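The structure appears right after this line, and notes come after that.
Note that this is a predicted model, so its numbers are computed, not measured.
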Amino acid sequence: MSGVIYKIVNLVTSSFYVGSSNRASTRFVTHRNRLKRNKHHCAHLQAAWNKYGASAFAFVVVKELETDEALFVEEQKWLDEHVGKEYCYNHSKHADTPF
């Protein structure tokens, strides 16, 4: 397996942040650490984390993919479908954006 598509889901509102990684457990730790320090790159997600608290969020793998190319294509599909909608915390519409 090359990587995963994951979501950070607000269990109270069902809003989510979507991303991809070749190392999901490491990426989840990075997200949590930045959120706990109030230093996350996604201001919308950070504000929700600050409001609802860590226990209101779940880190969920939604799809496993075999190649980096497939991972990129799948993340872009998720972003195309959800970014800009009220329930999506992501602000970037491009899978090749580093954050």
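Remark: K39 NZ to H41 NE2 distance equals 15.0 Å, nearest 0.5 Å. Rounding to the nearest 0.5 Å gives a distance of 11.0 Å between CD of E64 and CG of L71.
Under the side chain to side chain donor-acceptor pair (under 3.5 Å) criterion, S14 pairs with no residue at all, not counting sequence neighbours. For K63, the salt bridge (Lys or Arg N to Asp or Glu O under 4.0 Å) criterion is met by E74, not counting sequence neighbours. Taking A70 as the reference, L65, T67 meet the side-chain contact (heavy atoms from CB on, under 4.5 Å) condition, with sequence neighbours excluded. In this structure, R32 has no side chain to side chain donor-acceptor pair (under 3.5 Å) partners at least two apart in sequence or on a different chain. For the side-chain contact (heavy atoms from CB on, under 4.5 Å) test, residues two or more places apart in sequence or in another chain that qualify with D68 are S2, N22.
Minimum interatomic distance between C42 and H40 (heavy atoms only, all atoms of both residues): N-ND1, 3.0 Å. The two residues R27 and R34 come nearest to each other via the heavy atoms NH1-NH1, 4.1 Å. The shortest non-hydrogen separation linking S92 to L79 is O-CD2, 3.8 Å.
Using a 4.5 Å heavy-atom threshold, the side chains of F72 and S20 count as separate. In this structure the side chain of W78 reaches within 4.5 angstrom of the side chain of V62, judged on heavy atoms. Counting only heavy atoms from C-beta outward, the side chains of I8 and H31 approach each other to under 4.5 Å.
Of the possible donor and acceptor atoms, none in the side chain of N90 sits under 3.5 Å from a partner among the backbone N and O of V83. Side chain of N10 to main chain of V12: a donor-acceptor pair is present (N/O by atom type, distance under 3.5 Å, no hydrogens or angles).
A continuous path of hydrophobic side-chain contacts links V60 to I5 [ILVMFWY only; heavy atoms under 4.5 Å]. Both L45 and V61 sit in one connected hydrophobic cluster of ILVMFWY residues. Membership requires side-chain heavy atoms under 4.5 Å apart, directly or through other members.
Using the six-membered ring where Trp is involved, Y87 and F16 have ring planes that are tilted, between 30° and 60° apart.
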Tabulate below the donor-acceptor pairs under 3.5 Å that side-chain atoms of residues 48-59 make, not counting sequence neighbours, or state none.
unit_1: N50; atom_1: OD1; unit_2: Q46; atom_2: NE2; d: 2.9
unit_1: N50; atom_1: ND2; unit_2: N38; atom_2: OD1; d: 2.9
unit_1: N50; atom_1: ND2; unit_2: Q46; atom_2: O; d: 3.4

